[in-house]
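These notes concern the structure reproduced below.
Residue numbering restarts at 1 for every chain, and letters A, B, ... go by the order of the sequence lines.
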Amino acid sequence: MYISVMGQIKTWVFLGKMSFWLSKTNTFCWIIPDHRTYQRLHRVPRFFGTISYSNVTMCTKMITSHSKCGRLNDALHLFDQMPVRDTIAWNSIVKGCLDCGNLSIARKLFDEMPERNVISWTTMISGYMRFGYVELAERLFKEMPFKDVAVWNSMVYGYFSNGRVSEAVKVFEEMPCRNVISWTSMISGLDQIGRSVDALRVFKRMVGDGIEPSASASIFPCLITACANSRAIELGTQIHARIVKLGCVDEEYITSSFITFYANYKQPENSNKIFREYVHDSVVVWTSLLTGYNLNSMHNDSLTVFTDMIKLGILPNESSFTSALNSCCALMSLDRGQVVHAEAIKLGFEASAFVGNSLVTLYSKCGGILDGIKAFEGIEVKNLVSWNSIIVGSAQHGCANWVFTLFAQILRAGVEPDEITFTGLLNAASHSGVFLKGKRFFQFFTKYTLIKMNVQHYACMVDIMCRSGELDKAEDFIKNMPIIPNSLVLLNLLNACRTHSDIEIAERVSKYILDLDPHCSAAYTLLSNLYASAGRWNDVSRVRSQMKRRKIAKQEGSSWLNQHGRHPDVLSGNISHPPI
DNA sequence: TTAGGGTTAG
């Protein structure tokens, strides 16, 4: 919460965890809540009083407060009223316009500034970078009369955040001097694009250059994250020991990155230990634990964390909701998902893409597709993940025509489909028996897009060919695949051989599968069933004795059902003890 | 005691 106070403070008002300054007498008090506080503020009066516009420092503070809450008009009005403005005030109003997303006013004010210092230039350049206007940022950077290390850092960070990696690296190498922030930008930039190993190399180079991170350096959280992402558990543990010595493990950013680090290494007990040892009321720290449990399939624990957060008044954000909904989905628990959904509605998150996408997946997997569609339609700004979630969900429900309509809508919306969209389309075509359409999609994607085909796409195509009875074509297709077929692709064909009683192809395919994986029980079972249905009992007993010799047991089929909120694992023939 | 550069969860 941002509070600016002028005059004497007379009263404290407490509302839950929040506290507000209020004035009783003729003194002035200004209350500006942040986004989170707004939700609790409707009962609290706001006090306005006489402003001394000549107090430049106070007005500047207020401009910053207004703009951080998205009240650009108030900020601009205040700025207009100021009889005297120094460079700091000008910089603050430019920054305010940028924080509120109004680039054109920011640039206009920047041009009107009577005097610009290095901060004015950096503010404008970072603003351009933030909104993706890289070329404009570059132009200003060239025009800038004097460049300090901060503006160079802005360029490195700006290039990374716009996906211009080579430029970021080039600028970093060209920098006349570097500080810890320059190295941090480089390390986190590389880590975030998945080059975590390179990120750690940069860190080693930094240490080699004799730069030591200080106790409060924010390089640590991004280092720990890079270790978490690059399987560098040893280095991560060393950094942990170092941070303990420096005595800053209790910092929010460090705590949360460690929770994730240990969760990534399948040590959720260590995540929990750090969480309990360094108590925070930060939603990010709590969400790290929630997500850590989720990652380690401890879905009940993750939902307990979620409910504890709410009980303690720590408001979950989009990420917390995403993880909690994923846990509900993994537990196939529609009712718990609905409770989380209700919380999301209460906090106004149902239109968010993050939350909405998880809701679409939850409802498509555990509920009805109609609820999934409703959640999809509720998403205000749909992204590719939203489209993919509803396409994959609808495909699983066999709604092929609806999937094709959605695909047409994607193209119309100008969203670029990816390999997941393609898998969804092929699945829809194969599950609904629209084989010709599936084949056409395959041709379309291979000819007209740059999407890299993966083994799932080939498995779907084999499935489509097999379902249309074209076993020979499917076999040829597998032979000519540019990637090595996995057992899923081959088992699809073998299964089709059983349906179409084609022993000749089945023998070739099963030999191929067993060469790749001699313990594939499904291949033995399918082949023996095929011989049995053809009455070739000698071959049946040959296959079975082979299985015995190699100690391969027939795998029992299983399925998940949701009965009265419980989830018994139903094995073929008998019901096992429910896990909950 | 007002302005710029970075860091955590997804």
Exercise. Given atom CE of M129(A) and atom P of dG5(B), what is their separation to the nearest angstrom?
Worked result: 13 Å
Exercise. Among dG6(B), dG5(B), dG4(B), which is the nearest nucleotide to the side chain of N179(A)?
Worked result: dG5(B)
Problem set entry | I181(A), nearest nucleotide to its side chain (from dG10(B), dT8(B), dG5(B)) | dG5(B)
Exercise. Among the nucleotides dT2(B), dT8(B), dG4(B), which one has an atom lying closest to any side-chain atom of S256(A)?
Worked result: dT8(B)
Exercise. Looking across every strand, which nucleic acid part, if any, lies under 4.0 Å from V118(A) by heavy atom: base, sugar-phosphate, or nothing?
Worked result: base
Seminar exercise, completed: Out of dT8(B), dG6(B), dG5(B), minimum distance to the side chain of S126(A) belongs to dG5(B)
Exercise. In terms of side-chain heavy atoms, does R336(A) have a donor or acceptor partner in N300(A) at a distance below 3.5 Å?
Worked result: yes
Exercise. In whole Å, what is the span from the CZ atom of F306(A) to the C1' atom of dG10(B)?
Worked result: 14 Å
Exercise. Can E167(A) and K170(A) be counted as an ion pair, charged N to O under 4.0 angstrom?
Worked result: no
Seminar exercise, completed: A150(A) has its side chain closest, among dA3(B), dG5(B), dA9(B), to dG5(B)
Exercise. Would you say the side chain of T60(A) and the base of dT2(B) hold a donor-acceptor pair, judged only by whether the two atoms sit under 3.5 Å apart?
Worked result: yes
Problem set entry | Rounded interatomic separation in angstrom, taking OH from Y159(A) and P from dG6(B) | 16 Å
For this session: Nearest whole angstrom, please: distance from the P of dG10(B) to the CG of N296(A).
Result: 12 Å
Exercise. With a 4.0 Å cut-off, would you call R130(A) and D99(A) a salt bridge?
Worked result: yes
Exercise. By side-chain contact (heavy atoms from CB on, under 4.5 Å), which residues pair with L140(A), not counting sequence neighbours?
Worked result: R107(A), F110(A), W121(A), M124(A), I125(A), Y128(A), E143(A)
For this session: Have a look at V156(A) and say if it touches a base, only the backbone sugar-phosphate, or nothing, with a 4.0 Å heavy-atom cut-off.
Result: nothing
For this session: Answer with base, sugar-phosphate or nothing: what part of the nucleic acid does S288(A) contact at a heavy-atom distance below 4.0 Å?
Result: sugar-phosphate
Exercise. For E380(A), does the CD atom sit with more than 12 other heavy atoms under 6.0 Å from it, leaving out its own atoms?
Worked result: no
Problem set entry | Length of the CD-P vector between E115(A) and dG4(B), whole Å | 19 Å
Exercise. On a plain distance test, is the side chain of D86(A) in donor-acceptor contact with the base of dA3(B) below 3.5 Å?
Worked result: no
Exercise. Is the phosphate of dG4(B), meaning OP1 or OP2, less than 4.0 Å from a side-chain N or O of Y157(A)?
Worked result: no
Problem set entry | d(CG, L140(A); P, dG4(B)) in whole Å | 17 Å
For this session: Return the nearest nucleotide to the side chain of K61(A); candidates are dG6(B), dG4(B), dT1(B).
Result: dT1(B)
Exercise. dG5(B) base to S154(A) side chain: any donor-acceptor pair below 3.5 Å?
Worked result: no
Exercise. Can you find an N or O donor on one side and an acceptor on the other, under 3.5 Å apart, linking the side chain of S319(A) with the base of dG10(B)?
Worked result: yes
Exercise. Does N179(A) have any side chain to side chain donor-acceptor pair (under 3.5 Å) partners at least two apart in sequence or in another chain, and if so, which?
Worked result: N153(A), S182(A)
Exercise. Base, sugar-phosphate, or nothing: which does S92(A) touch, judged by heavy atoms less than 4.0 Å apart?
Worked result: sugar-phosphate
For this session: To the nearest 0.5 angstrom, please state how far the OG1 atom of T60(A) sits from the CG atom of N91(A).
Result: 10.0 Å
Seminar exercise, completed: Looking only at dA3(B), dT8(B), dG5(B), the nucleotide nearest the C222(A) side chain is dT8(B)
For this session: Tell me which nucleotide among dT8(B), dG4(B), dG6(B) gets nearest to the side chain of K95(A).
Result: dG4(B)
Exercise. Please give, in whole Å, the distance from dG6(B) P to F160(A) CZ?
Worked result: 13 Å
Exercise. Among the nucleotides dG5(B), dT2(B), dG10(B), which one has an atom lying closest to any side-chain atom of T322(A)?
Worked result: dG10(B)
Exercise. Between I93(A) (CD1) and dG4(B) (P), how many Å, whole number?
Worked result: 13 Å
Exercise. So, does the side chain of N317(A) form a donor-acceptor pair with the base of dG10(B) at under 3.5 Å?
Worked result: no
For this session: Using a 4.0 Å heavy-atom cut-off across all strands, classify T225(A) as base, sugar-phosphate, or nothing.
Result: sugar-phosphate
Problem set entry | Nearest listed nucleotide, side chain of S185(A), among dG6(B), dT8(B), dG4(B) | dG6(B)
